[in-house]
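FYI, side chains are in, hydrogens and waters are out, and symmetry mates aren't considered; it's all heavy atoms of this structure.
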Amino acid sequence: MTDKQYTFKELELMLSKYKEYLERLNLIELSIRHPISHEEFDTGRRTNVKDRDGMLRTLIKLEEREELKSFKVIGIAIENTFASLPKEKQKAMMEFYINRRKGPFRGHAKRVAAKLYIDASTLYRWRTEITSVFEDELRICTALHDIDAETMVKC
């Protein structure tokens, strides 16, 4: 496992995609837990044989899916980062990364700084601190969950 150095922009991109990661994580889990059986639709009849190993196969598929692991690790790292920050930096993280709006002022630093009643340079300092804490949490989570750091950037 390599120790990947992330750039500031890569870390900010991961932080800003938190909600997207959660949606993709749920879709992948649902597709594994409730797969569409094509045979059932082709024959028009159901089988009477109960699948006793279905739960075990589902758990194995959930464990083997690398994309699913990556989304979970990033989500856990983001949540741990948020939990470890002081209140004012939590507000900044929520406003700048999590609650991003669509349109021309999406994630605009001056707008977010004005909303938080701070200076734009203070917001930038906080952003660098937030991404630093996030990078540390990401390293810890990738080590704990035995994920290759190279696959994390692809997400």
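- Leu15 and Ile98 make their closest contact through O-CD1, 4.0 Å (heavy atoms, listed as atom of the first residue, atom of the second, distance).
- How far CD1 of Ile76 is from CD of Glu137: 10.5 Å, rounded to the nearest 0.5 Å.
- Here the NZ atom belonging to Lys69 is positioned 14.0 Å from the SG atom belonging to Cys141, to the nearest 0.5 angstrom.
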Requested in this report: Begin from the C-alpha positions of Tyr21 and Lys72 and carry the test side chain to side chain contact (heavy atoms under 4.5 Å, CB included) through to its verdict.
Outcome: CA-CA 8 Å; Tyr21 290 145; Lys72 282 184 180 180; over 6 Å; no

Requested in this report: Applying side chain to side chain contact (heavy atoms under 4.5 Å, CB included), run through Ile130 and Phe82 and close with a yes or a no.
Outcome: CA-CA 8 Å; Ile130 290 168; Phe82 184 79; over 6 Å; no

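- The nearest pair of heavy atoms linking Ala92 to Trp126 is CB-CE3, 3.7 Å.
- To the nearest 0.5 Å, atoms OH (Tyr6) and CG (Leu138) are separated by 4.5 Å.
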Query raised in the report: After noting the C-alpha distance and the side-chain angles of Arg24 and Glu20, does the key distance pass the salt bridge (Lys or Arg N to Asp or Glu O under 4.0 Å) rule?
Result: CA-CA 6 Å; Arg24 290 172 67 183; Glu20 182 182 323; 3.3 Å; yes

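- Here the side chain of Glu10 pairs a donor or acceptor atom with the backbone of Thr7 at under 3.5 angstrom.
- From Glu23, atom CD reaches atom CZ of Phe71 across 11.0 Å, with rounding to the nearest 0.5 Å.
- Met93 is not connected to Tyr124 by any chain of hydrophobic side-chain contacts under 4.5 Å among Ile, Leu, Val, Met, Phe, Trp and Tyr, and they are in different clusters.
- Between the OH atom in Tyr97 and the CZ atom in Phe134 there is a gap of 10.0 Å [rounded to 0.5 Å].
- Electrostatic pairing of Glu129 and Arg125 does not count as a salt bridge here, judged by no charged N lying under 4.0 Å from a carboxylate O.
- Remark: side-chain polar atoms of Thr81 are paired, donor with acceptor, to backbone N or O of Ala77 under 3.5 angstrom.
- Among all heavy-atom pairs drawn from Ala120 and Lys110, the shortest one is CB-CG, 4.4 Å.
- For CZ of Phe8, the number of neighbouring non-hydrogen atoms (other residues, nucleotides, ligands) closer than 6.0 Å is greater than 12.
- Results of the salt bridge (charged side-chain N to carboxylate O under 4.0 Å, His left out) test with Glu95 over Arg111, Lys89, Arg127 single out Arg111 as the only residue that passes.
- Annotation: the span from Lys91 atom NZ to Asn99 atom CG amounts to 13.0 Å, rounded to 0.5 Å.
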